[in-house]
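These notes concern the structure reproduced below.
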Amino acid sequence: MIHTRNLTRSFRVKRKKSVEAVRGLNIDIEQGELVAFLGPNGAGKSTSFRMLTTLLPPTSGTALVAGRDVQADPVAVRGRIGYLGQGNGAGRDYRVTDELLTQGRIYGLSRSEARRRSGELLESLDLGPLANREAGKLSGGQRRRLDIAIALVHRPGLLFLDEPSTGLDPQSRADVWGHIGRLHEEFDTTIFFSTHYLEEADQWAKRVLVIDQGLVIADDTPENLKANLAGDRITITVGTPEDAKNAAEIAERMEAPREVTVDGTKVTLRMSRGDAVLPEFVRALDAAGVKALTAELWRPTLDDVFLALTGRTLRESELEDDQADTSDWQGA
Ligand SMILES: Nc1ncnc2c1ncn2[C@@H]1O[C@H](COP(=O)(O)OP(=O)(O)OP(=O)(O)O)[C@@H](O)[C@H]1O
């Protein structure tokens with residue numbers, strides 16, 4: 001569905017300086033996948049989306065999207081994809097149903113087809129009761145659902161969603177995601193989305209591409225990324241430093257732990273499957289007569305994965321980016 005080779009995009013900024021927003025993107029996304037694009041502000045996600053949706057020409061490289069080349073055949077690509085950009089937004093004064101009808105007509109549907117398709121979308125995105133409301137009077141979540149419906153009017157098999165839930169309250173975010181998940185399940189729609197909410201990527205994506213400074217630095221399932229790059233941690237506390245030493249020796253003899261550390265009466269183990277190791281470890285301690293007072297299993301998040309990959313958390317990267325933007329602006 002999406003195949004890119006060495007796709008790059010630079011922007012000329014002030015005084016002949018240029019920014020390499022995307023530096024050699026090589027991705028393959030197949031029919032029916034649900035893939036997250038994760039990275040800090042300025043990593044190159046929107047620029048990639050804009051190239052893949054034909055809104056921005058690449059500086060170099062190639063991209064096949066829905067079987068067509070974005071540069072040689074942009075019109076065919078546009079007809080086969082849906083795109084929800086960060087700045088999308090239905091016109092404020094039109095009724096919800098008119099927005100959908102107009103969009104359907106723009107995509108070449110006949111009047112009756114456009115009416116039928118609008119009806120289907122209103123129902124599947126739970127917008128039916130709002131059909132006659134002006135788009136400008138919808139709540140944030142309702143509006144985002146309308147934007148998704150608009151992106152779907154021509155039944156694209158591939159949907160790009162650039163931060164579909166940003167700015168929504170938790171309830172509306174869950175609601176929007178429920179609908180996206182259903183689209184994927186019921187219609188086998190291929191979905192490529194970006195988000196700043198790591199837990200959304202974790203919960204919904206079957207695969208996560210991590211991008212930093214214009215380069216994809218990891219590509220795997222959320223489970224594999226967490227297990228291989230960050231790992232689980234078990235922490236137990238025991239009664240005395242002597243017991244902690246014994247517990248650490250027991251842990252060292254087990255196969256799974258990658259690293260065992262002792263801090264006073266606290267022993268910490270790092271490994272990839274802590275849920276399987278914890279009961280085994282507690283049994284081994286029992287058998288050796290070492291009493292664990294507390295036992296805690298800590299599982300990593302995708303932010304820990306980003307930290308393991310780059311040495312910074314996503315949040316820190318975003319702050320750095322904000323500061324860079326400010327100094328650029330001050331110097332301008
Ligand atoms: N039109 C432009 N002119 C100059 N620089 C640009 C332009 N568009 C993007 N950039 C720069 O390219 C880099 C990548 O930006 P992009 O918007 O793709 O990042 P992003 O990962 O989508 O960020 P965010 O999560 O904040 O949306 C940034 O350094 C940005 O400042």
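Keep in mind the model is a prediction, meaning the values are calculated, not measured. Atoms within a ligand are numbered from 1 in the order they appear, just like the ligands themselves.
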Quick one: does ligand 1 sit under 4.0 Å from the side chain of Arg12, the backbone, both or neither, non-hydrogen atoms only?
neither
If we set the cut-off at 4.0 Å for heavy atoms, which region of Pro40 has an atom near ligand 1: side chain, backbone, both, or neither?
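Backbone only; the side chain of Pro40 stays clear of ligand 1.
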Quick one: does [X] get an N or O within less than 3.5 Å of an N or O on ligand 1?
| X | result |
| --- | --- |
| Asn41 | yes |
| Val13 | no |
| Gly39 | no |
| Ser46 | yes |

Under the criterion salt bridge (Lys or Arg N to Asp or Glu O under 4.0 Å), which of Arg144, Arg143, Arg145 is the partner of Asp147?
Arg144
Heavy-atom contacts with Ala43 under 4.0 Å: which atoms of ligand 1 show up? List them by number with element.
19 (O), 20 (P), 21 (O)
Heavy-atom gap Glu163 to ligand 1 smaller than 4.0 Å:
yes
With a 4.0 Å cut-off, would you call Asp162 and Arg50 a salt bridge?
no
Under a 3.5 Å cutoff, is there a donor and acceptor pairing between the side chains of Asp212 and Thr310?
no
Is there a donor in the side chain of Thr235 and an acceptor in the side chain of Glu296, or the other way round, less than 3.5 Å apart?
no
Using atom types as modelled, flag every donor-acceptor pair under 3.5 Å from a side chain in residues 57-67 to any protein atom, sequence neighbours excluded.
residue: Thr59; atom: OG1; partner: Ser10; partner atom: N; Å: 2.9
residue: Ser60; atom: OG; partner: Thr8; partner atom: OG1; Å: 2.6

The side-chain contact (heavy atoms from CB on, under 4.5 Å) partners of Thr237 (sequence neighbours excluded) come to Lys266, Leu293, Thr294
